[in-house]
Amino acid sequence: QVQLVESGGGLVQAGGSLRLSCAGSGRTFSVYAMGWFRQAPGKEREFVVGRTWRGGATRVADSVKGRFTIFRDNAKNTVYLQMNSLKPEDTAVYYCAATTASRLPSAQNEYDYWGQGTQVTVSS
């Protein structure tokens, strides 16, 4: 099992920045890739950005390209989501997820473990 705990959400004005953290514990050696998803009220959960844990390959949704970056700290078993130039439409609950499959998917059903989510609210 892998446990994931997100932190860093909050309220920010449009144009501002926020960094989310996702700390992993348990059988983290089995994780191949990490992803960040988000779910806005009344909408389906959508893929935001992901990266392989060791190789460094990344995958970024068009809606956040150039604004959001994913990076990791191996020593802390933590992956981060740096969000810049935030927009009101970025308001959502953000989830980190981990997959043990040997690929970097964007489909949520391909991720095995999920955090509890953290709220990000961007005011206009």
Legend entry - Met34: which of Val49, Thr99, Leu4 passes side-chain contact (heavy atoms from CB on, under 4.5 Å): Leu4

Inset, instruction - Taking the side chain as every heavy atom from C-beta outward, state whether Leu81 and Phe71 have any pair of such atoms under 4.5 Å apart. - result: no

Inset, instruction - Indicate yes or no: at least one non-hydrogen side-chain atom of Val12 is less than 4.5 angstrom from one of Thr121. - result: no

Inset, instruction - For the pair Ser30 (side chain) and Arg27 (backbone), establish whether a donor and an acceptor sit closer than 3.5 Å, ignoring hydrogens and angles. - result: yes

Legend entry - Within one Ile-Leu-Val-Met-Phe-Trp-Tyr cluster: Ile70 and Val64, side-chain cutoff 4.5 Å: yes

Legend entry - Over all atoms of both residues, closest heavy-atom pair of Thr52 and Arg72: O-NE, 4.5 Å

Legend entry - Heavy-atom side-chain proximity of Met83 to Tyr94 below 4.5 angstrom: yes

Legend entry - Check: Leu18 and Val120 side chains under 4.5 Å, non-hydrogen atoms: yes

Inset, instruction - Please answer whether the main-chain N or O of Gly9 pairs with a side-chain N or O of Thr118 as donor and acceptor at a distance below 3.5 Å. - result: yes

Inset, instruction - Measure the shortest side-chain to side-chain distance between Trp36 and Cys22 over non-hydrogen atoms and say whether it is less than 4.5 angstrom. - result: yes

Inset, instruction - Answer yes or no: does atom NZ of Lys43 have more than 12 heavy-atom neighbours from other residues, nucleotides or ligands under 6.0 Å? - result: no

Inset, instruction - List the steps, then state whether side chain to side chain contact (heavy atoms under 4.5 Å, CB included) holds for Gln3 with Tyr113. - result: CA-CA 7 Å; Gln3 294 78 43; Tyr113 304 102; over 6 Å; no

Inset, instruction - Ignoring hydrogens and angles, state whether a donor on the side chain of Ser17 or Asn84 is under 3.5 Å from an acceptor on the partner side chain. - result: yes

Inset, instruction - For Tyr111 and Pro105, indicate whether the former's side chain and the latter's backbone hold a donor-acceptor pair under 3.5 Å. - result: yes

Inset, instruction - Run the salt-bridge test on Lys87 and Asp90 with the 4.0 Å N-O cut-off and return the result as yes or no. - result: no

Legend entry - Sub-4.5 Å side-chain heavy-atom contact between Val2 and Phe29: no

Inset, instruction - Check whether any side-chain heavy atom of Arg45 sits under 4.5 Å from a side-chain heavy atom of Val93, and report yes or no. - result: no

Inset, instruction - Show your working on side chain to side chain contact (heavy atoms under 4.5 Å, CB included) between Glu44 and Gln108 and close with a plain yes or no. - result: CA-CA 11 Å; Glu44 293 188 355; Gln108 58 178 314; 5.7 Å; no

Inset, instruction - Using modelled atom types only, decide if a donor and an acceptor are shared between the side chain of Arg67 and the backbone of Ser85 within a distance under 3.5 Å. - result: yes

Inset, instruction - Give, for atom CZ of Phe68 and atom OG of Ser63, the distance between the pair rounded to the nearest 0.5 Å. - result: 7.5 Å

Inset, instruction - Hey, could you give me the OH/CG distance between Tyr80 and Asp73, rounded to the nearest 0.5 Å? - result: 5.0 Å

Inset, instruction - Please examine the side chains of Gln116 and Val5, heavy atoms only from C-beta on, and report whether any two atoms are closer than 4.5 Å. - result: yes

Legend entry - Closest approach of Glu6 to Cys96 (non-hydrogen atoms, all atoms of both residues): OE2-N, 2.8 Å

Legend entry - Shortest non-hydrogen contact from Trp53 toward Val31: CB-O, 4.0 Å

Legend entry - Listed partners of Glu46 passing side-chain contact (heavy atoms from CB on, under 4.5 Å), at least two apart: Arg38

Inset, instruction - Grab the two heavy atoms, one from Lys76 and one from Thr78, that are nearest each other, plus how far apart they are. - result: O-OG1, 2.8 Å

Inset, instruction - Heavy atoms only: give me the nearest Pro88-Ala14 pair and the separation to one decimal. - result: CD-CB, 4.1 Å

Inset, instruction - Apply ring pair (Phe, Tyr, Trp, His ring centres under 6.0 Å) to Trp114 and list each qualifying residue two or more places apart in sequence or on a separate chain. - result: Phe37

